[in-house]
Amino acid sequence: MKEPEEILKPESQHFIEQAIEKDLSEGKNGGRVHTRFPPEPNGYLHIGHAKAICLDFGMAEKYNGKCNLRFDDTNPTKEDVEYVDSIKEDIQWLGFTWEDREFYASDYFGKLWDFAVTLIKRGLAYVDDQSAVTISEQKGTTTQTGNYSPHRDRSIEENLDLFFRMNEGEFEEGSRVLRAKINMASPNMHMRDPIIYRILKTPHHRTGTKWKVYPMYDFAHGQSDYFEGITHSLCTLEFEVHRPLYDWFVDQLMDSDYRPRQIEFNRLNLTYTVMSKRKLLELVKDAVVSGWDDPRMPTLCGLRRRGYTPESIRRFVDLIGYTKVEAINDVSLLEYAIRENLNERAPRVFGVLKPLRVIITNYPEGKTENVELINNPEDESQGKRQVPFSREIYIEQEDFMEDPPNKFFRLAPGQEVRLKGAYIVRCQSLKKNDAGEVTEVYCTYDPETHSGLPLADRKVKGTLHWVSAEHVLDAEVRLYDRLFNDEDPSGHKDKDAREFLNPDSLAILTGCKVEPSLASAKPLDKFQFQRLGYFCVDYDSKAGKLVFNRTVSLKDTWAKLNK
RNA sequence: UGCUCCGUAGUGUAAUUGGCAACACGUCUGACUCUGGAUCAGGAAAGUUCAGGUUCGAGCCCUGACGGAGCAACCA
């Protein structure tokens, strides 16, 4: 029971919720909350985007508003439809919907063009004929003000004429740009007559060859927000310095009380991985990983293939919160989130990764009995299943030691152990190969100790998982570890993240043995291999050739003791 | 040496807006257990970057240092 005080205590709100509620209480924008998620279709979504998605869609949901999906497709040289589809799939997978509000910045190219023309007519924009380097040099530095372009005071007529001809394809790429006339002496570099249109002759994935000029991000984003009636434009911290420019354009556009507002929050960084699209793309291109959906990638498709659930990702995002502090979040919290989720939903099964043959010498040859096992002790509704048991079984190599240390609760010569759901067995002898490796272990069982019988309650130090040798299915199991050995591989000034790649991030195990109930397992099905961890069926898996990915291991205090 | 933003246990966040610094993960004990998982009970760990100031009272307000990040793409 909660104390009354606790119930009354308001949930603490993060700074964005506070800002939204303040706007609402002041009656801004007619009490509407309307957000947008604005991905550029130039790569796959990663868990950092999930943080933004949860906020954009989450705030809309919380305040009875809407959230648009808007592709920020203003640069045809980098963007592609391939990415549009994957982005939509990933957002839906996370459990969010934009209903019929799927928009593109390119939907507004006409309006944006008109707005640019208006700015020219108001004397607030001009065509500059200078080269990129000259413009850049003239811009000054962070400590020195910039200089005026010689074309800054062209006549409105000449600007209009040039701008139209730019779009007719009359000029080469890079030969002319349209600039906003703001302030070359501004301490904010983004206000020093920013370029708002450039000539690009690459066909656009939606508008084809209709346009020869394309708006820059700063000239498209805020305006798109405005056109869509967005009230809260939530983005990451690095856009903080863009805000004055965002507001400047909105000022020129406004014709009522409505105005969109940009608020910035901290992006998600995860330990032992990289998050920039560029770096992820490099890993894919250089075949460091098998693709965007390699289970070691922090992409949503990678995490999905690894066995992460949408719930676990949303829970994780919820746990880390939104602030303005640039933080680096511990992967162990992500792992906590998936363990917590899978613990309650994943059925338990027996799978042996590195098999060791065990022969129960006093168990009748040729006999098979079915043993009943609980599918999930955390969820009775998942029921029970039958697992075959027989004279020859496999156990985990790690569960046997010829010469064990003190606290080893598993099988060893002369020691007793419980075979989960079956019998208590005692190790009598073993067989080794020429290399001195144990190849077979001989045990005797006590028929009176079958699970459920009174004598089964005898205290035994350890309980092992097992599979009946005659009934097993062969499987391949892929064990994943962190992609980088360094907590913050991108955080070294003079070192490339690639120098910290973990050479052991993938271990492929073949000849693994799993229980027969797994025969019909389909890709993305999730299981707990008892005592080992959570595993997910890979897309490569086929009937007769099962492939599992290890999502995350179980917490292993025994392994920790041995460190 | 310009502008903007940020400094709270190891990490991520809270602190009802000026009232004895809390929660989660991680970590350490112990209990329980037919998963060395889960669960349960308990512990250690920051005096809020520093120095001044305002105040009866400051993590919160002010000033100044120090530290970190972002910004000078015809990228987003």
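These values consider heavy atoms only, across backbone and side chains, with no hydrogens, waters or symmetry-generated copies. Convention: sequence-line order gives letters A, B, ...; per-chain numbering from 1.
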**Q** Backbone N or O of A:T323 within a donor-acceptor pair of the A:N266 side chain at under 3.5 Å?
**A** yes
**Q** Look at all strands and tell whether A:Q530 reaches a base, only sugar-phosphate, or nothing, counting heavy atoms closer than 4.0 Å.
**A** base
**Q** Salt bridge between A:R36 and A:E228, side-chain N to carboxylate O under 4.0 Å?
**A** no
**Q** Is a side-chain donor-acceptor pair under 3.5 Å present for A:Y104 with A:D72?
**A** no
**Q** If you go through the side-chain atoms of A:E378, does one of them form a donor-acceptor pair with the base of B:G37 closer than 3.5 Å?
**A** yes
**Q** Name the closest nucleotide to the A:T323 side chain, picking from B:U13, B:G36, B:U35.
**A** B:U13
**Q** Hey, which of these two, A:R243 or A:N266, hits RNA chain B nearer its 5' end, going by closest nucleotide?
**A** A:R243
**Q** Counting any heavy atom closer than 4.0 Å, what does A:R410 reach on the DNA or RNA strands: base, sugar-phosphate only, or nothing?
**A** base
**Q** The side chain of A:K407 is closest to which nucleotide in this list: B:A14, B:G36, B:G12?
**A** B:G36
**Q** Output yes when A:K212 and A:E170 qualify as a salt bridge under the 4.0 Å nitrogen-oxygen rule, no when they do not.
**A** no
**Q** Taking 4.0 Å as the cut-off, does a side-chain nitrogen or oxygen of A:K555 come that near to OP1 or OP2 on B:G36?
**A** no
**Q** Pairing check on B:G37: which nucleotide meets the Watson-Crick or G-U wobble criteria with it, both distances under 3.5 Å?
**A** none
**Q** Distance between the C1' atoms of B:C60 and B:U8, in whole angstroms?
**A** 11 Å
**Q** More 5' along RNA chain B: A:F15 or A:T557, using each one's nearest nucleotide?
**A** A:F15
**Q** Indicate, with a heavy-atom threshold strictly under 4.0 Å, whether A:Q18 touches base, sugar-phosphate, or nothing.
**A** base
**Q** Taking any heavy-atom pair under 4.0 Å as a contact, classify A:R192: base, sugar-phosphate, or nothing.
**A** nothing
**Q** For the base of B:U35, is there a side-chain donor-acceptor partner from A:R348 under 3.5 Å away?
**A** yes
**Q** To the nearest angstrom, how far is A:I263 atom CD1 from B:C5 atom C1'?
**A** 15 Å
**Q** I want to verify the glycosidic state of B:U35; is it syn or anti under the 90° rule?
**A** anti
**Q** Report the base-pairing partner of B:A69 (Watson-Crick or G-U wobble, both distances below 3.5 angstrom), or none.
**A** B:U4
**Q** Would you kindly give the CG-to-C1' distance between A:L333 and B:C25, to the nearest whole Å?
**A** 5 Å
**Q** Hey, does A:F408 reach any base, or is it just sugar-phosphate, or nothing, if we go heavy atoms under 4.0 Å?
**A** base
**Q** Is there a Watson-Crick or G-U wobble partner for B:G57 with both distances under 3.5 Å, and which nucleotide is it?
**A** none
**Q** Which nucleotide, in any strand shown, forms a Watson-Crick or G-U wobble pair with B:A22, with both distances under 3.5 Å?
**A** B:U13
**Q** Expressed as a whole number of Å, how far does the P atom of B:U11 sit from that of B:C50?
**A** 15 Å
**Q** Would you mind pulling out the nucleotide paired to B:U27, Watson-Crick or G-U wobble, both distances under 3.5 Å?
**A** B:G43
**Q** What contact category does A:G452 fall into here, base, sugar-phosphate, or nothing, at under 4.0 angstrom with non-hydrogen atoms?
**A** base
**Q** Parallel, tilted or perpendicular, judged at 30° and 60°: which one describes the rings of A:Y423 and A:F389?
**A** tilted
**Q** When you check every protein heavy atom under 4.0 Å of nucleotides 71-76 of chain B, what one-letter string (B, S, -) results, 5' to 3'?
**A** BBSBSB
**Q** Let me know the distance between CD of A:E326 and P of B:C6, rounded to the nearest Å.
**A** 11 Å
**Q** Which one, B:G37, B:C5, B:U33, comes nearest to the side chain of A:E240?
**A** B:C5
**Q** Tell me whether the side-chain N/O atoms of A:K324 come closer than 4.0 Å to OP1 or OP2 in B:A69.
**A** no
**Q** Taking the C1' atom in each of B:G10 and B:A31, what is the distance between them to the nearest angstrom?
**A** 27 Å
**Q** Does A:R531 put a side-chain nitrogen or oxygen below 4.0 Å from OP1 or OP2 of B:G36?
**A** yes
**Q** Using the C1' atom as the reference point in each nucleotide, state the distance between B:U1 and B:C71 in Å, no decimals.
**A** 15 Å
**Q** By the 4.0 Å heavy-atom rule, please label A:G146 as base, sugar-phosphate, or nothing.
**A** nothing
**Q** Using the purine O4'-C1'-N9-C4 or pyrimidine O4'-C1'-N1-C2 torsion, is B:G70 syn (within 90° of 0) or anti?
**A** anti
**Q** Are a donor atom and an acceptor atom from the side chains of A:N42 and A:E79 found within less than 3.5 Å of each other?
**A** no
**Q** Identify whether any heavy atom of A:K493 sits under 4.0 Å from a base atom; if not, whether one sits that close to sugar-phosphate; answer base, sugar-phosphate or nothing.
**A** sugar-phosphate
**Q** Say you pick atom C1' in B:U54 and the same atom in B:G64; how far apart are they, in whole Å?
**A** 15 Å
**Q** Knowing that exactly one of A:L342, A:T551, A:V349, A:L479 qualifies, which makes a side chain to side chain contact (heavy atoms under 4.5 Å, CB included) with A:F535?
**A** A:L479
**Q** Which class fits the ring pair A:Y108 and A:F103: parallel under 30°, tilted 30 to 60°, perpendicular over 60°?
**A** tilted
**Q** What is the nucleic acid contact for A:Q528, judged by heavy atoms within less than 4.0 Å: base, sugar-phosphate only, or nothing?
**A** base
**Q** Should the pair A:H204 and A:F109 be assigned to parallel (<30°), tilted (30 to 60°) or perpendicular (>60°) ring geometry?
**A** perpendicular
**Q** Would you mind classifying the nucleic acid contact of A:L237 as base, sugar-phosphate or nothing, using non-hydrogen atoms under 4.0 angstrom?
**A** nothing
**Q** Quantified in whole Å, what is the C1' atom distance between nucleotide B:G47 and nucleotide B:G59?
**A** 9 Å
**Q** I would like to know whether A:Y217 and A:H221 meet ring-ring contact (aromatic ring centres under 6.0 Å, His included); could you show each step before the answer?
**A** CA-CA 6 Å; A:Y217 165 82; A:H221 194 84; 5.0 Å; yes
**Q** If I take atom CE in residue A:M191 and atom P in nucleotide B:C3, what distance separates them, rounded to the nearest angstrom?
**A** 16 Å
**Q** Establish whether the base of B:G37 is bridged to the side chain of A:R339 by a donor-acceptor pair shorter than 3.5 Å.
**A** no
**Q** Take the protein atom CD1 of A:I320 and the nucleotide atom P of B:G26, then report the distance between them rounded to whole Å.
**A** 16 Å
**Q** For B:U16 and B:C62, measure between their C1' atoms and round to the nearest Å.
**A** 24 Å
**Q** With a 3.5 Å limit on both atom pairs, tell me what B:U63 is paired to, counting Watson-Crick and G-U wobble, or say none.
**A** B:A51
**Q** Side chains of A:Q262 and A:E264: any donor to acceptor distance under 3.5 Å?
**A** yes
**Q** Are any non-hydrogen side-chain atoms of A:V213 and A:L178 less than 4.5 angstrom apart?
**A** no
**Q** Which nucleotide, B:G26, B:G37, B:G7, lies nearest any side-chain atom of A:Y336?
**A** B:G26
**Q** How long is the line joining CZ of A:F350 and C1' of B:G37, in whole Å?
**A** 13 Å
**Q** With a non-hydrogen cut-off below 4.0 angstrom, is A:I328 in contact with a base, only sugar-phosphate, or nothing?
**A** sugar-phosphate
**Q** Please measure how far the C1' atom in B:G67 lies from the corresponding atom in B:C32, and state the result in whole Å.
**A** 48 Å
**Q** Expressed as a whole number of angstroms, how long is the span from A:E340:CD to B:U39:P?
**A** 8 Å
**Q** Mind calculating the distance between NZ (A:K51) and P (B:G12) to the nearest angstrom?
**A** 11 Å
